[in-house]
2 protein chains.
Amino acid sequence: MNVLIVEDEKGLALEMDEFLSREGYIVEHAWKKSSAEEKIFVNQYDFILLDLGLPDGDGFEVLKQLKNLKDRDDAVIILTARSAVDDRIKGLDGGADDYLAKPFSLNELLARMHAIIRRKHKLEKNEFNIHDFVLDIQNRTVSYQNERVPLTKKEFEIFNYLVLNKNRVVSRMSLTEHVWGDILEVNSDSNFVDVHVKNLRKKLSQCAKADWFETVRSIGYRINC
Amino acid sequence: MNVLIVEDEKGLALEMDEFLSREGYIVEHAWKKSSAEEKIFVNQYDFILLDLGLPDGDGFEVLKQLKNLKDRDDAVIILTARSAVDDRIKGLDGGADDYLAKPFSLNELLARMHAIIRRKHKLEKNEFNIHDFVLDIQNRTVSYQNERVPLTKKEFEIFNYLVLNKNRVVSRMSLTEHVWGDILEVNSDSNFVDVHVKNLRKKLSQCAKADWFETVRSIGYRINC
DNA sequence: TTGACATGAAAAAACAATTCGTCATCTCTT
DNA sequence: AAGAGATGACGAATTGTTTTTTCATGTCAA
């Protein structure tokens with residue numbers, strides 16, 4: 001999952017980066033309003049963590065720009081000093097999905113992100129249920145009939161992203177972007193996605209249901225349920 | 001324990017080196033007769049593994065040189081091609097402690113070395129018994145009243161060397177040479193020996209007997225029994 | 001009182017285990 | 001038959017753990 005951190009305070013930004021990277025997120029940074037706008041224009045993100053007090057302008061304008069773009073589903077969490085938490089923010093009228101008053105704990109941030117995923121997918125808990133699997137977002141674990149399936153980081157991320165997009169074809173391209181980030185140009189003619197999918201499938205092979213984890217020739221993969 | 005390998009066949013020599021290093025020995029090499037003689041003149045070794053067919057002469061002469069030196073107790077194992085195993089070798093008249101016909105297995109070599117230690121210390125098994133400890137040379141383990149005491153490599157080597165010289169003062173210098181090899185000049189003013197001894201003592205502290213593991217001020221340590 | 005040793009804690013290095021990416025080859029689908 | 005994907009095996013990179021070394025400080029014996 002891709003996250004854009006729009007925050008000029010480097011220390012905080014790097015802390016967030018490290019923390020979220022550990023959690024499997026692909027993190028990008030924008031240190032000011034202008035570069036944030038450029039990045040948003042070019043890429044889509046699963047989350048945008050938006051500081052309001054940017055050196056070259058109000059973060060709210062970034063949010064407005066985003067809302068002008070079509071077909072975007074980027075979740076926005078506003079980060080702001082407590083004193084700045086006034087109604088315009090609390091009401092979330094600008095279209096943000098949540099806000100977080102500084103200083104905040106990284107776990108709090110993560111919890112809010114999970115909450116957004118939960119909301120988007122209409123989940124009751126931080127879990128996806130698919131066939132007999134339970135994919136636990138919080139603990140980053142997968143179980144099959146209450147039996148833990150040990151997945152590596154990459155395997156979990158692949159499964160997670162496919163489940164997040166279940167019943168939709170996920171292209172290799174998109175999968176790569178969301179699991180590895182922008183390593184595309186460097187090595188394009190490798191089959192590492194295939195290899196990881198193979199390994200993942202093997203670990204998930206306890207579920208014998210036919211075609212639940214499909215290969216879509218020339219495009220990518222799809223999980224059906 | 002220090003081992004000198006006198007052997008011109010590099011492949012074999014390096015194999016032996018790797019194997020013996022894993023077993024905790026400090027290994028040096030001499031590739032020909034002349035350098036072997038120089039080394040023997042300068043240093044003492046616990047074992048000299050002596051190939052007879054050296055490029056610049058007969059290995060036996062190295063052995064003769066060694067016997068000319070006073071106060072030496074280096075154990076010599078002769079390595080030689082099977083065809084060369086004639087009476088002069090078998091009889092071990094030259095003063096070697098054992099011989100080994102090539103090709104031999106590294107474990108066979110090690111077993112012979114252990115046998116020599118056993119003989120020198122008049123042991124019945126490959127074990128030293130000291131107070132309630134059993135120091136197993138073969139398995140490189142230490143037990144106290146049949147309870148295994150987990151030691152690190154260095155800790156074991158220190159204990160082993162002190163036990164080998166029990167009731168004698170072992171200088172820091174000597175201890176360093178036998179456990180670490182010739183790192184002396186590089187860092188002399190370090191207290192790493194003391195630290196390891198301290199850690200070792202802690203692990204051996206189950207034995208409450210007074211002064212069995214003494215510090216000899218300004219010199220080194222001594223194990224009494 | 002001083003030098004030598006002991007000690008605890010932490011940094012650095014070594015080691016082991018796991019994960020990741022590459023590659024050559026095989027299989028399947030069209 | 002040709003292109004796409006699957007697979008097994010292997011080396012590289014990463015991660016986590018243990019061991020080794022350094023260091024600052026405390027203690028003890030001469």
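What's counted below: heavy atoms across the whole structure, side chains too, no hydrogens, waters or symmetry copies. The sequence lines fix the lettering, A, B, ..., with proteins before strands; numbering per chain opens at 1.
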Using a 6.0 Å cut-off, check whether atom [atom1] of [X] has over 12 heavy atoms from anything other than its own residue.
| X | atom1 | value |
| --- | --- | --- |
| A:Glu18 | CD | no |
| A:Lys32 | NZ | no |
| A:Asn146 | CG | no |

Does the side chain of A:Asn199 come under 3.5 Å of the side chain of A:Arg201 through a donor N or O and an acceptor N or O?
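A:Arg201 and A:Asn199 do not have a side-chain donor-acceptor pair below 3.5 Å.
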Extract from the structure each pairing of a protein N or O with an N or O of nucleotides 4-6 of chain D at less than 3.5 Å, listing the distance.
unit_1: D:dA4; atom_1: O4'; unit_2: A:Arg217; atom_2: NH2; d: 3.2
unit_1: D:dA4; atom_1: O3'; unit_2: A:Ser218; atom_2: N; d: 3.4
unit_1: D:dG5; atom_1: OP1; unit_2: A:Arg172; atom_2: NH1; d: 3.2
unit_1: D:dG5; atom_1: OP1; unit_2: A:Ser218; atom_2: N; d: 2.8
unit_1: D:dG5; atom_1: O5'; unit_2: A:Arg172; atom_2: NH2; d: 3.4
unit_1: D:dA6; atom_1: OP1; unit_2: A:Arg201; atom_2: NH1; d: 2.6
unit_1: D:dA6; atom_1: OP1; unit_2: A:Thr215; atom_2: OG1; d: 2.7
unit_1: D:dA6; atom_1: OP2; unit_2: A:Tyr221; atom_2: OH; d: 3.0

What is the separation between atom [atom1] on [X] and atom [atom2] on [N], rounded to the nearest whole Å?
| X | N | atom1 | atom2 | answer |
| --- | --- | --- | --- | --- |
| B:Arg22 | C:dA16 | CZ | C1' | 12 Å |
| A:His196 | D:dA9 | NE2 | C1' | 15 Å |
| B:Leu175 | C:dC5 | CG | P | 13 Å |
| B:Phe192 | C:dA14 | CZ | P | 14 Å |

Output yes when B:Arg172 and B:Glu177 qualify as a salt bridge under the 4.0 Å nitrogen-oxygen rule, no when they do not.
no
Under a 4.0 Å threshold between the charged nitrogen and the carboxylate oxygen, would B:Lys125 count as salt-bridged to B:Asp136?
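Salt bridge between B:Asp136 and B:Lys125, a charged N being under 4.0 Å from a carboxylate O: no.
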Tell me which residues in residues 149-171 of chain A put a heavy atom below 4.0 Å from DNA chain C, sorted by number, or none.
A:Thr152, A:Lys153, A:Lys154
Counting just side-chain N and O atoms, does A:Ser190 come under 4.0 Å of either OP1 or OP2 of C:dG21?
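No, A:Ser190 has no side-chain N/O under 4.0 Å of OP1/OP2 on C:dG21.
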So, is B:Trp180 close to the D:dT21 phosphate, meaning a side-chain N or O under 4.0 Å from OP1 or OP2?
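So the side-chain polar atoms of B:Trp180 do come within 4.0 Å of the phosphate oxygens OP1 or OP2 of D:dT21, strictly under.
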Go through the steps for A:Asp73 and A:Lys120 under the test salt bridge (Lys or Arg N to Asp or Glu O under 4.0 Å), then give the verdict.
CA-CA 10 Å; A:Asp73 194 33; A:Lys120 278 198 179 168; 3.5 Å; yes
For a salt bridge (Lys or Arg N to Asp or Glu O under 4.0 Å) check, start with the C-alpha distance between A:Asp132 and A:Lys209, then their side-chain angles and the critical distance, and finish with the verdict.
CA-CA 10 Å; A:Asp132 278 341; A:Lys209 200 157 189 315; over 6 Å; no
